[in-house]
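Contents: one structure, followed by commentary.
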Amino acid sequence: MATEALFGKLTFSAIPFDSPIIMGAVGVSLLLGALVVGLITYHGKWPYLWREWFTSVDHKKIGVMYIVLAWVMLLRGFADAIMMRAQQAMALGATQGYLPPYHYDQIFSAHGTIMIIFVAMPFFIGLMNIIVPLQIGARDVAFPFVNSVSLWLSVFSAMLVMLSLGLGNFSHAGWSGYPPLSETQYSPGPGVDYWIWSLQLGGLGTLMTGINFFVTIIKMRAPGMTLMRMPVFTWTILVTMVLIMLSFPVLTVTLALLTLDRYLGMHFFTNGMGGNLMMFPNLFWIWGHPEVYIVILPAFGIYSEVIATFSRKRLFGYRSMVYASIAIAVLSFGVWLHHFFTMGAGADVNAFFGIATMVIAVPTGVKIFNWLFTMYRGRIEFTTPTLWTLGFIVTFCIGGMTGVLLAVPPADFVLHNTEFLVAHFHNMLIPGALFAYFAGYAYWFPKAFGFRLDETWGKRAFWAWLVGFYLAFMPLYALGFMGMPRRLVYYDDPGWQLYLEVAAFGTLVILLGIIFQITQLIVSIRRRKELRDLTGDPWNGRTLEWSVSSPPPFFNFANIPVVEALDAFTDMKERGVASTHPAEVHSIHMPKNTPAGVAMGGLAFVFGFAMIWHVWWMALAGIFGVLATLIVRAANEHVDYDVPASEVERTLLSLRGQR
């Protein structure tokens with residue numbers, strides 16, 4: 001009893017020593033982690049990282065750390081994808097592949113959770129952190145401290161997912177966690193609890209980010225920047241933040257109800273004792289389908305910026321792009337039931353949601369045509385961001401057409417839960433979202449770091465990703481028509497194996513693309529003097545982020561710009577008033593760095609870990625630690641300072657000297 005009170009359900013048996021695959025993955029992960037820690041220690045960089053990065057409230061540095069998190073989790077999520085595709089390629093008949101079913105279930109559950117919550121979300125949040133305040137002419141976000149807390153909640157919630165690899169297990173119930181599979185009867189171990197608490201902590205951080213950036217965009221725009229003069233990327237972020245504020249509380253409540261079922265024996269989502277099993281998928285997808293557009297809409301904004309810049313033209317149909325974004329956001333709350341057409345809601349309900357699903361394709365189509373008309377007769381430069389965008393337009397249209405097919409309830413009855421569905425949503429999310437993040441990463445990299453990425457390796461990475469994508473997912477459409485259910489750990493139809501082998505080969509081609517991207521970064525760092533951005537405007541950009549030096553000073557703008565037109569920086573260049581070196585500077589009020597964000601994220605991690613393993617004293621210590629840190633921070637009156645005009649001048653001269 002004393003041991004249980006001290007350690008809860010945590011015992012040495014939680015470490016899967018009997019699984020060589022898992023222990024091998026744990027060993028490799030620990031080795032890589034030790035290598036990184038060793039290199040940082042050897043070069044004596046811990047004080048620098050703590051002082052300049054981990055405790056920073058600078059939105060640009062927070063954005064970079066979000067993107068680092070996204071890249072790390074992308075490698076983990078993609079490792080799961082390779083394992084799944086390898087398993088299915090060799091799992092015909094009596095061979096049954098190399099993964100036991102319980103491990104395979106964990107892999108596809110972790111893969112979906114990681115790629116949506118811990119890759120897509122941090123990637124676009126990182127890009128918007130770096131760029132949005134610069135685009136609207138602001139010196140920072142509305143709540144810098146909240147921004148730091150949001151980052152560290154995301155980081156430590158991702159650490160919970162990583163910890164589940166070698167301590168206990170992750171959920172076996174899929175990334176959507178449908179009951180009864182996620183109830184205690186079918187998942188008595190810690191797996192579903194890892195899923196719940198990683199989503200809860202990460203979701204809380206995302207909700208705070210949504211509030212923060214909504215207020216930032218509404219209240220902190222430069223003089224003259226009306227809503228209809230905002231860049232399209234900022235507009236899509238504003239709409240996305242509204243979606244986050246409306247949808248993420250639903251996820252929080254849904255997971256809380258499931259937690260009560262699991263921890264206190266309640267029956268919100270059971271078939272007996274007054275519960276309603278169908279309530280969970282309704283609540284989950286009321287969050288989940290807007291979530292799809294939460295990761296897609298910022299991508300549409302990135303494509304808009306890239307196309308206008310590299311076509312050397314103003315974006316065609318600016319107002320229609322804005323209204324289309326708003327329409328998508330509104331309609332996204334009216335299509336959730338198409339995720340379970342087969343669950344007996346009735347013909348009338350299915351017809352309504354089928355029509356709504358088709359209607360939401362209309363504003364998306366408006367965007368596609370606007371991008372095409374922007375490129376029409378433009379002087380297009382085929383840079384790496386442009387290639388990612390062109391690859392998106394072609395591939396996304398294929399995914400959109402298959403989505404319209406799935407919006408027809410009778411067709412969905414045939415194709416639901418087949419590999420066709422797997423192909424469709426990957427067809428929407430990889431070109432629709434991930435290609436955009438890669439485009440934004442290449443496009444805004446020089447703004448964040450002061451030098452461009454190597455174009456040769458970037459283009460090699462693009463072609464590997466594009467070819468690999470078609471090889472990996474087009475065969476799955478055919479398998480869906482052939483009747484292959486998704487999530488099969490093994491199968492007995494030899495007609496499926498060739499398609500699955502092609503899909504596995506496509507995954508290896510995508511891996512080659514990731515290797516090229518890593519190589520691109522290494523080569524670019526080594527050639528950074530040649531690739532240096534000397535002007536702050538390497539692409540002849542149109543929006544305000546290009547009006548400051550690369551990288552920008554920590555205060556962004558020595559003097560807040562005055563906006564007089566759409567495409568503010570292009571207008572300034574045409575009027576001859578664009579300059580990164582103002583004639584006169586004044587003192588600037590800025591926030592101080594703080595370790596409170598790291599502390600609150602770490603203590604939240606302690607709380608989540610303790611709740612997973614039922615270590616109640618640790619859970620109380622974690623939650624009281626969070627509250628104590630928050631109170632101490634609130635009582636601190638010295639959280640900001642004035643930057644003297646002389647320091648502003650020195651900073652500008654220093655950045656000029658670096659160029």
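When a residue number appears, it is its place in the shown sequence, counting from 1.
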### Query
How long is the span from the CZ atom in Phe233 to the CD1 atom in Ile237, to the nearest 0.5 Å?
4.0 Å
#### Entry: Option from His172, Arg487, Gln87, Gln88 for which side-chain hydrogen bond (donor to acceptor under 3.5 Å, both in side chains) with Tyr104 holds
Gln88
### Message
When you compare the side chains of Gln517 and Trp465, does any donor N or O come within less than 3.5 Å of an acceptor on the partner?
### Response
yes
### Task
Identify which one of Phe396, Phe316, Tyr376, Phe300 satisfies the ring pair (Phe, Tyr, Trp, His ring centres under 6.0 Å) criterion when paired with Trp371.
Phe300
#### Entry: Tyr477 and Asn427: side chain donor to acceptor below 3.5 Å
yes
### Task
Just say parallel, tilted or perpendicular for the rings of Trp285 and His339, cut-offs at 30° and 60°.
parallel
### Message
Test your reading of the model: is there a side-chain donor-acceptor pair from His111 to the backbone of Phe78, 3.5 Å cut-off?
### Response
no
### No-hydrogen, no-angle side-chain donor-acceptor test under 3.5 Å, Thr389 and Thr386
no
### Query
Going through the checks in order, is the ring-ring contact (aromatic ring centres under 6.0 Å, His included) test met by Phe481 and Phe420?
CA-CA 7 Å; Phe481 281 122; Phe420 189 95; 5.1 Å; yes
### Query
For Val192, does its backbone N or O pair with a side-chain atom of Ser182 as donor and acceptor, under 3.5 Å?
no
### Message
Could you check whether any side-chain N or O of His338 sits under 3.5 Å from a backbone N or O of Val335, counting only pairs where one atom can act as donor and the other as acceptor?
### Response
yes
### Task
Determine whether the side chains of Thr395 and Tyr470 contain a donor N or O and an acceptor N or O closer than 3.5 Å.
yes
### Message
Quick check against the 3.5 Å criterion: does Tyr186 have a side-chain atom that pairs as donor or acceptor with the backbone of Pro179?
### Response
no
### Summary
Given the options Ile522, Val523, Thr519, Asp454 meets side-chain contact (heavy atoms from CB on, under 4.5 Å) only with Val523
### Message
For Phe269 and Phe280: C-alpha separation, side-chain torsions, deciding distance, then whether ring-ring contact (aromatic ring centres under 6.0 Å, His included) applies.
### Response
CA-CA 6 Å; Phe269 303 129; Phe280 183 91; 5.2 Å; yes
### Task
Give the ring-plane orientation class for Trp496 versus Tyr491, where under 30° counts as parallel, over 60° as perpendicular and anything between as tilted.
tilted
